[in-house]
Trainee: 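Please find one structure pasted underneath; my questions will follow.
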Amino acid sequence: MVKQTILNANHHLLHARMVEFCGWEMPLHYGSQIEEHHAVRRDCGMFDISHMCVVDVTGPDARAFLLRLLTNNVARLHQPGKALYSCMLNEDGGVLDDLIAYYLDDMRYRVVVNACTTEHDLAWMRERLAKWALDVMLDPRRDLAMLAVQGPHAREKVWQVLPEAQTGTMGLAPFYCAEMEELFVARTGYAGEDGFEISLPAARVQAVWQALLDAGVRPCGLGARDTLRLEAGMHLYGQDMDENVSPLDAGLAWTVDLSDERDFVGRNALLARPRQCQLCGLVLRAPGVLRAGQEVRTAHGAGVITSGTFSPTMRRAIALARLPLQVAVGEEVRVAIRDQYSEAFVVKPPFVRGGKILIQS
């Protein structure tokens with residue numbers, strides 16, 4: 001049975017093209033994926049991200065639990081509201097999920113997990129919790145909905161619609177959150193632009209969605225979300241990494257804290273198997289399309305594209321690719337596109353951030 005978010009009827013009213021994504025019926029676009037993409041880069045767009053799952057982690061052992069569960073170190077979080085991006089690994093060092101953990105206080109954390117991995121993540125967390133016998137409660141917040149409002153004018157639009165959020169978020173730094181009664185607002189996102197991700201009671205989200213729509217915020221679907229995140233050099237679980245890929249090979253070594261003796265799941269596997277390859281950006285020189293799974297030939301051996309698209313901002317084909325460690329930024333490579341090999345060059349992501357193209361040549 002395909003699941004629906006609380007905003008499903010709203011998407012149909014806007015004549016969205018709906019598709020199945022990770023077991024959910026979600027909007028792909030509302031008429032023009034390209035226009036939705038540009039709206040986020042130039043003004044403001046909103047996404048229904050209620051298919052993702054908020055999990056509250058509470059109790060006396062909440063910190064101890066996350067210290068053992070995650071690759072990144074929650075002990076570095078001291079200021080309430082600070083967010084931390086991390087991977088969660090299996091015992092073999094493969095990535096079960098990439099997620100954000102918010103520190104609220106020493107006994108309260110909030111974790112947001114991906115839609116495709118929610119049930120597996122929850123089962124894994126419960127198994128670890130039982131094994132470690134820690135005093136922690138895991139509470140999947142099915143009563144909440146989530147919106148992402150992104151773009152250079154996103155914050156002003158949110159304050160216009162939710163004036164009660166302005167005082168608590170006016171001075172909010174990137175990668176921090178604020179709790180305001182029934183609102184949970186984080187200055188985070190998946191588009192490479194400023195904005196907020198908002199958790200709120202599901203019973204209220206339709207009214208907020210409509211108010212944002214009336215304020216001129218453009219609804220955006222999964223298509224624009226993917227091109228925006230790829231321009232921003234952000235990973236997609238299931239393509240750029242999965243349970244068979246080490247974070248060291250997926251460009252996520254920066255989320256792995258090995259600076260002390262902290263014993264987290266997958267640590268020993270990472271230490272036993274050093275990095276084998278790297279995740280790089282590619283820009284195609286000639287017209288064409290880059291797609292996941294295409295072979296990349298380099299002077300140092302073969303690689304593979306993990307995510308590829310046409311960049312609406314750059315008006316060129318771009319990709320993330322897993323390549324041999326010896327490949328350097330600026331090198332020329334060849335990508336197998338249908339029955340021929342096309343030239344591309346290697347870059348360091350991101351490609352676009354804050355509306356600005358960061359890649360030259």
Side-chain angles (χ1 to χ4, degrees), residues 17 19-22 26 28-29 31-38 40-41 95 98 116 190-192 220-242 244-246 248-252 275-353 356-361:
R17 180 186 174 189
V19 296
E20 188 275 329
F21 177 74
C22 297
M26 297 296 293
L28 180 65
H29 60 72
S32 173
Q33 175 180 327
I34 299 294
E35 291 179 10
E36 292 165 23
H37 178 106
H38 289 317
V40 174
R41 286 277 178 255
V95 180
D98 65 319
C116 292
Y190 194 51
C220 303
L222 294 174
R225 188 165 165 85
D226 190 56
T227 53
L228 289 161
R229 71 91 190 169
L230 187 44
E231 284 187 349
M234 295 180 176
H235 296 59
L236 176 63
Y237 188 83
Q239 286 191 197
D240 302 306
M241 70 287 195
D242 57 33
N244 298 310
V245 177
S246 162
L248 307 182
D249 295 336
L252 292 170
R275 189 164 64 133
Q276 306 293 305
C277 52
Q278 60 178 325
L279 197 72
C280 300
L282 297 181
V283 178
L284 193 64
R285 290 209 175 273
V289 180
L290 296 178
R291 295 283 184 238
Q294 290 172 334
E295 179 194 6
V296 183
R297 289 189 175 180
T298 82
H300 312 283
V304 64
I305 288 178
T306 57
S307 287
T309 193
F310 174 80
S311 162
T313 305
M314 297 173 61
R315 300 190 59 81
R316 304 178 75 172
I318 62 172
L320 297 177
R322 199 168 296 129
L323 303 178
L325 290 174
Q326 298 85 353
V327 175
V329 169
E331 284 193 27
E332 297 287 330
V333 299
R334 293 188 300 152
V335 181
I337 301 178
R338 296 182 179 176
D339 57 351
Q340 63 182 10
Y341 282 86
S342 299
E343 293 184 354
F345 60 97
V346 179
V347 300
K348 181 180 180 180
F351 303 87
V352 180
R353 279 284 175 94
K356 296 180 180 179
I357 298 173
L358 305 179
I359 304 300
Q360 304 301 321
S361 181

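Please read these numbers as outputs of a predicted model, since none were measured by experiment.
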Trainee: Give, for atom CZ of Arg334 and atom CD of Gln340, the distance between the pair rounded to the nearest 0.5 Å.
Mentor: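 Answer rounded to 0.5 Å: 11.0 Å.
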
Trainee: For atom CZ of Arg17, decide whether the heavy atoms of other residues, nucleotides or ligands shown that lie under 6.0 angstrom number more than 12.
Mentor: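 No, the 6.0 Å shell around CZ holds no more than 12 heavy atoms from other groups.
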
Trainee: State, with a plain yes or no, whether a side-chain heavy atom of Leu290 is found less than 4.5 Å away from one of Ile318.
Mentor: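 Side chain of Leu290 against side chain of Ile318, heavy atoms only: no contact under 4.5 Å found.
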
Trainee: Taking it one step at a time, do Val289 and Ile337 satisfy side chain to side chain contact (heavy atoms under 4.5 Å, CB included)?
Mentor: CA-CA 8 Å; Val289 180; Ile337 301 178; over 6 Å; no

Trainee: Taking all non-hydrogen atoms of both residues into account, name the closest pair between Phe351 and Val283 and its distance.
Mentor: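 Shortest heavy-atom separation between Phe351 and Val283 comes out as CE2-CG2, 3.9 Å.
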
Trainee: Taking Glu231 for the side chain and Thr313 for the main chain, is one N or O donor matched with an acceptor at less than 3.5 Å?
Mentor: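 Flag set: sc Glu231 to bb Thr313 pair under 3.5 Å.
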
Trainee: For Ala302, does its backbone N or O pair with a side-chain atom of Glu295 as donor and acceptor, under 3.5 Å?
Mentor: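 No; judged by distance alone, with no hydrogens or angles, the pair does not exist.
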
Trainee: Does the side chain of His29 reach to within under 4.5 Å of the side chain of Glu35, using non-hydrogen atoms?
Mentor: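 Side chain of His29 against side chain of Glu35, heavy atoms only: no contact under 4.5 Å found.
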
Trainee: Taking it one step at a time, do Ile359 and Val352 satisfy side chain to side chain contact (heavy atoms under 4.5 Å, CB included)?
Mentor: CA-CA 8 Å; Ile359 304 300; Val352 180; over 6 Å; no

Trainee: Ala317 and Gly288: which non-hydrogen atoms are nearest, and at how many Å?
Mentor: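 What the structure gives for the nearest pair is CB-O, 3.4 Å.
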
Trainee: Checking the side chain of Gln276 only, and the main-chain atoms of Ser246 only, is there a donor and an acceptor separated by less than 3.5 Å?
Mentor: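 No; zero donor-acceptor contacts below 3.5 Å.
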
Trainee: May I ask you to decide if Leu325's main-chain N or O and Gln278's side chain share a donor-acceptor pair within less than 3.5 Å?
Mentor: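 Yes; judged by distance alone, with no hydrogens or angles, the pair exists.
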
Trainee: Can you check side chain to side chain contact (heavy atoms under 4.5 Å, CB included) on Val245 and Arg322, steps first, answer last?
Mentor: CA-CA 11 Å; Val245 177; Arg322 199 168 296 129; 4.0 Å; yes

Trainee: If you round to the nearest 0.5 Å, how far is CZ of Arg315 from CD1 of Ile357?
Mentor: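 CZ of Arg315 is found 10.5 Å from CD1 of Ile357.
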
Trainee: As an exercise, state the distance from SG of Cys116 to CG of Asp242, rounded to the nearest 0.5 Å.
Mentor: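 Answer rounded to 0.5 Å: 12.0 Å.
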
Trainee: Using 0.5 Å steps for rounding, measure from the SG atom of Cys220 to the CG atom of Leu28.
Mentor: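 Reported to 0.5 Å precision, the distance equals 12.0 Å.
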
Trainee: Just verifying a value: how many Å separate Leu248 CG and Met241 CE, rounded to the nearest 0.5 Å?
Mentor: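 The CE atom of Met241 is 13.0 Å from CG of Leu248, to the nearest 0.5 Å.
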
Trainee: On a heavy-atom basis, which atom in Glu332 and which in Ala344 lie closest, and how many Å separate them?
Mentor: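 For Glu332 versus Ala344, the nearest heavy atoms are OE1-O, 3.3 Å.
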
Trainee: Considering all heavy atoms of both residues, which atom of Arg316 and which atom of Phe345 are nearest to each other, and what is their separation?
Mentor: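 Arg316 and Phe345 have their closest heavy atoms at NH2-CE2, 3.8 Å.
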
Trainee: Write down the atom of Arg353, the atom of Ala232, and the distance for their closest heavy-atom approach.
Mentor: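 Taking every non-hydrogen atom into account, NH2-O, 2.9 Å.
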
Trainee: Of all heavy-atom pairs between Asp240 and Leu236, which one has the smallest distance, and what is that distance?
Mentor: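 Looking at all heavy atoms of both residues, the closest pair is OD2-N, 2.8 Å.
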
Trainee: Leu279 versus His235: any side-chain heavy-atom pair under 4.5 Å?
Mentor: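 In contact.
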
Trainee: Are any of the side-chain heavy atoms of Leu284 and Phe310 separated by less than 4.5 Å?
Mentor: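 Side chain of Leu284 against side chain of Phe310, heavy atoms only: no contact under 4.5 Å found.
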
Trainee: Measure the shortest side-chain to side-chain distance between Asp249 and Arg275 over non-hydrogen atoms and say whether it is less than 4.5 angstrom.
Mentor: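 Yes, at least one pair of side-chain atoms sits under 4.5 Å.
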
Trainee: Can any side-chain N or O of Thr298 pair as donor or acceptor with the backbone N or O of Val333 at less than 3.5 Å?
Mentor: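 Checking the backbone N and O of Val333 against the side chain of Thr298, no donor-acceptor pair under 3.5 Å is found.
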
Trainee: I'd like to know if the side chain of Gln33 reaches the main chain of Gly223, judged simply by a donor and an acceptor atom lying under 3.5 Å from each other, with no hydrogens or angles considered.
Mentor: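 A pair under 3.5 Å: yes.
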
Trainee: Considering only heavy atoms from C-beta outward, does the side chain of Arg41 approach that of Pro312 to under 4.5 Å?
Mentor: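 No, too far: nothing below the 4.5 Å cut-off.
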
Trainee: If I take atom OG from residue Ser307 and atom CE from residue Met234, how far apart are they, to the nearest 0.5 angstrom?
Mentor: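 It is 13.5 Å, given to the nearest 0.5 Å.
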
Trainee: Between Val346 and Leu282, does the side chain to side chain contact (heavy atoms under 4.5 Å, CB included) criterion hold? Intermediate values first, please.
Mentor: CA-CA 5 Å; Val346 179; Leu282 297 181; 3.9 Å; yes

